[in-house]
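Just so it is clear, the structure is predicted and the values come from calculations on it, not from any experiment.
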Amino acid sequence: MQLNTQPNIPDPDGFYDELLAAHQGLTKDQSDALNARLILILANHIGDRDILREALKAAG
């Protein structure tokens, strides 16, 4: 399996709006904590350490 970096989210603008809405009214610390939880939840869903390493490199 390989990290997919191609557009893969149906209605990406809608998802982005939902992501922004999830952060509304949060302090910087609360927003950072939400991002950290979201990253860990999605990393757990992916589960493949090689893919996760690729994602870390791609994000860096």
Side-chain angles (χ1 to χ4, degrees):
M1 185 179 260
Q2 186 176 6
L3 180 66
N4 180 5
T5 58
Q6 298 303 308
N8 194 36
I9 300 172
D11 184 25
D13 291 334
F15 173 72
Y16 187 70
D17 289 342
E18 291 176 46
L19 182 60
L20 291 180
H23 287 268
Q24 280 187 330
L26 300 181
T27 66
K28 171 79 166 98
D29 286 344
Q30 290 170 329
S31 182
D32 289 347
L34 173 66
N35 283 333
R37 288 190 304 272
L38 181 58
I39 288 166
L40 292 173
I41 289 166
L42 294 174
N44 183 68
H45 177 75
I46 292 166
D48 184 311
R49 289 289 296 271
D50 291 335
I51 297 295
L52 294 170
R53 279 189 200 98
E54 284 187 56
L56 286 169
K57 287 178 187 175

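Side-chain atoms of M1 and D50, non-hydrogen and from C-beta on, never get closer than 4.5 Å to each other. Side-chain contact between T5 and E54: absent, with no pair of heavy atoms (C-beta onward) separated by less than 4.5 Å.
Of the candidates K28, Q24, Q30, L26 forms a side chain to side chain contact (heavy atoms under 4.5 Å, CB included) with just one, namely Q30.
Linking Ile, Leu, Val, Met, Phe, Trp and Tyr whenever their side-chain heavy atoms come within less than 4.5 Å puts L42 and L19 in one cluster. Hydrophobic clustering (side-chain heavy atoms under 4.5 Å, transitive across Ile, Leu, Val, Met, Phe, Trp, Tyr) groups I46 together with L3.
When all heavy atoms are compared, the tightest approach of I51 to Q2 is CD1-C, 3.4 Å.
Rounding to the nearest 0.5 angstrom, the gap separating the CG atom in N44 from the CD1 atom in I41 is 8.5 Å. Atoms CZ and CG, on R37 and D32 in that order, are 10.5 Å from each other to the nearest 0.5 Å.
In this structure, L20 shares a hydrophobic cluster with Y16, the cluster being traced through Ile, Leu, Val, Met, Phe, Trp and Tyr side chains under 4.5 angstrom apart.
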